[in-house]
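Below is one structure, written out as structure tokens; the observations come after it.
First listed ligand is number 1; within each ligand, the first listed atom is number 1. Not measured: the values here are computed from a predicted model.
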Amino acid sequence: MKEKKSRTQLVADYDTLQRIFHRPEDEQSRNVLTKYMEQILFGLHDFLQKHVGITEEIPLKDLAEQFTSSKIARTPVKKLADVITEIIEEIAPQAVNVSSPYFIGHMTSAIPFFMVHLSTIVAALNQNQVKIETSKVVSVYERQVLAKIHRLLFNLDESFYKTHIQKPESALGSFVEDGTLANLSALWVARNRLLPSESGYSGAERDGMVRAMHDRGLKKLTILVSELGHYSIRKSAGVLGLGYDAITPIPVDGENRIDLKELKRTLEKHQRDPETAVMAVIGIAGTTETGAVDPLPTMAELCHEFGGIHFHVDAAWGGPVLLSERYRGLLKGIESADSVTIDGHKQFYLPMTNGMVFFRDPQAMDAVAYNAAYINRPGSVDLGIRSLAGSRAANCLILGSALDIMGAEGYALLIDHGIELARIFAKEIIARPMFELVTAPELNILTYRLVPNELHVSQGSTAATNKDVRLQLLNDINIKVQRMQREAGKSFVSRTTLRRSDQPDTVVLRVVLMNHRTTPEILNTILDEQEDIYLNRIAPTLSLNKIS
Ligand SMILES: *Cc1c(COP(=O)(O)O)cnc(C)c1O
């Protein structure tokens, strides 16, 4: 950021220091602080409402040139007012307006207004959930919030929750940084439960993977997940010492759900091999790329049948669909999971970032319990004993309050809107000759691609008949369409390459519908723009009929 010359020389002195920590007593300074909050709320919010565009058309490279100073200012150079104004006027327009109803490419979107207030409360209270001494009531509040989501997932009976909700020795789950760390936490528990330290055997957590595996005559642990699994699962396998090649990707069926026959065949194969153990089977409730939900009930049965394999459900995206009476059936079987991942910053519409992991068995997290003498003693109620993070924010206050403000019905309106809009959009894509629906929406995610008339399979051109040439051309065209639309800055869909074992790698445009202000009309405008980009900017550079 360009450093503006300040009118008065600012100094770091002790008097000012006092003022920035102490509650202002006089009316005037109180008003100033209130005005700043207003500026943040309305300045930023107005900005997000007014600019339906996604971002201004300045290349990242040019922006990067403005941020090359690596020196910390020796004296203060800006006042709070300057900082706020600069962020609103100079940073925000070049950031990404994720709350635009035209921003439909990612799992990040508009959040309700009140989330800003709730975030401010978390910052103002500044509790540290690692231990009771730094959070007190907020720790027991957190346990209550976790129990509410646990109940939404597993729906156990009232007496179960009465027993465990505040019992220090039980843990229904944990707040974590994000979905990635939720998956890691679940798999951490699964690994330690598979390789505990017990009579005659070393444990993975205490003695390390080498000894724990050696004692049991194991050469390999594997995790089975569909080939559409999120890459955080690979990261987890790396961190947990399995190596990411330990993941066995299972092919998907025509609907992008894990192929059950293949899953069963793989389980049988591993069962015959005494040197390999299956550490976990993962079902996905809303794949990141296509939104498909794996057949969870049958997966749970298979895990049971093959000796009680840990069944994890990655519901980072789909979890909150359970709040919708109309669509919760889509997640049938999730209640049979041993552990579940949910992201608060996705369909709970919380500000970045908030992840959660849940365990059906309230004792499961004992497998990852740690006690540090100076911070938490055995039998203590400190939440930091069973969590990957140490210090962490009281995000539970945001989720707990949001659940009260929205109610299940409020969230259901958002969920239902997204799912129903995706269905309408899919119909529109099918109706337009220039587009092809690649993966139909099960939840509120779909993928499609632009297929120009000349490349329709029914067309006689050489390009259309040669399969490899056609695919390459289509991939190139869709990469360009997506990039040009993004660069124009009015709307945004994302792009991904679907890699499925039975099909060639296919570049697709990916749409995530979670903004309640996105309408069918807006979606039509986005398709119009893509057609326009193709016809006026891409087609003239191609000569499809001359390709030999
Ligand atoms: C988003 C997502 C994740 C990872 O979550 P982060 O919060 O980005 O770390 C994991 N799994 C699925 C299915 C997801 O959609």
Side-chain angles (χ1 to χ4, degrees), residues 96 98 104-109 111 149 153 173-188 190 223-240 244 247 249-250 252 256-258 280-296 299 311-322 330-331 333-334 337 339-358 387-389 392-393 395 398-399 415 418-419 422 439 441-447 494 496 498-500 508 510-514:
V96 177
V98 296
I104 53 165
H106 282 305
M107 296 170 153
T108 305
S109 186
I111 52 174
I149 307 296
L153 292 168
S174 174
F175 277 94
V176 289
E177 178 87 20
D178 63 351
T180 297
L181 296 196
N183 282 337
L184 173 61
S185 302
L187 294 170
W188 186 24
I223 299 169
L224 311 187
V225 61
S226 100
E227 56 193 344
L228 292 176
H230 190 267
Y231 69 109
S232 55
I233 294 162
R234 285 160 58 83
K235 283 187 192 168
S236 304
V239 173
L240 292 171
Y244 61 71
I247 309 282
I250 310 291
V252 291
N256 300 297
R257 301 174 190 147
I258 196 167
V281 168
I282 302 180
I284 313 167
T287 65
T288 313
E289 286 172 294
T290 68
V293 181
D294 282 334
L296 307 177
M299 294 181 81
F311 181 39
H312 176 64
V313 173
D314 183 355
W317 178 252
V321 172
L322 291 167
L330 294 172
L331 266 52
I334 199 166
S339 55
V340 177
T341 285
I342 295 191
D343 255 337
H345 58 248
K346 291 179 179 172
Q347 299 208 80
F348 276 115
Y349 293 81
L350 263 50
M352 291 285 149
T353 58
N354 183 285
M356 290 165 275
V357 62
F358 297 91
S387 84
L388 187 53
R392 61 189 172 77
N395 281 330
I398 304 182
L399 180 58
I415 300 284
I419 293 177
T439 62
E442 187 172 355
L443 303 180
N444 47 357
I445 299 174
L446 60 77
T447 67
S494 62
T496 188
L498 288 181
R499 295 178 209 280
R500 294 172 296 184
V508 292
R510 168 175 167 268
V511 164
V512 182
L513 295 167
M514 64 182 301

| remark: Given the options Asn444, Thr341, Thr288, Trp317 meets side-chain hydrogen bond (donor to acceptor under 3.5 Å, both in side chains) only with Asn444

| remark: Near Ala316 (heavy-atom distance under 4.0 Å), the atoms of ligand 1 are 2 (C), 3 (C), 10 (C), 11 (N), 12 (C), 14 (C)

| said: Test of understanding: given a 4.0 Å heavy-atom threshold, classify the contact between Asn183 and ligand 1 as side chain, backbone, both, or neither. | reply: side chain

| query | Can you find a non-hydrogen atom of Gly286 under 4.0 Å from ligand 1? | reply | yes

| task | Calculate, to the nearest 0.5 Å, the distance between atoms CD and CE belonging to Glu177 and Met356 respectively. | result | 13.0 Å

| said: Looking at ligand 1, is there an atom of it that comes within less than 4.0 Å of some heavy atom belonging to Lys346? | reply: yes

| query | So is there a nitrogen or oxygen of Asp178 less than 3.5 Å from a nitrogen or oxygen in ligand 1? | reply | yes

| said: If you apply the rule side-chain contact (heavy atoms from CB on, under 4.5 Å), what do you find for Phe348 with Asn354, and how did you get there? | reply: CA-CA 9 Å; Phe348 276 115; Asn354 183 285; over 6 Å; no

| message | Can a side-chain donor-acceptor contact be found between Ser339 and His312 if the only test is distance below 3.5 angstrom? | response | yes

| Does the side chain of Thr447 come under 3.5 Å of the side chain of Thr439 through a donor N or O and an acceptor N or O? | yes

| Just checking, is any N or O donor in the side chain of Asn256 or Glu442 under 3.5 Å from an acceptor N or O on the other one? | no

| said: Tell me the protein heavy atom at minimum distance from atom 11 (N) of ligand 1, and give that distance in Å. | reply: Asp314 OD2, 2.6 Å

| said: Counting non-hydrogen protein atoms only, what is the nearest one to atom 5 (O) of ligand 1? Give residue, atom name and distance. | reply: Asp343 OD2, 3.0 Å

| said: Could you tell me if Ser232 and Asn183 have a donor-acceptor pair between their side chains, going purely by distance under 3.5 Å? | reply: yes

| What is the closest protein heavy atom to atom 9 (O) of ligand 1, and at what distance does it sit? | Thr180 OG1, 2.6 Å

| Which atoms of ligand 1 sit under 4.0 Å from any heavy atom of Thr288? | 12 (C), 13 (C), 14 (C), 15 (O)

| field | Among His345, His106, Met107, His230, closest by any non-hydrogen atom to atom 4 (C) of ligand 1 | value | His230

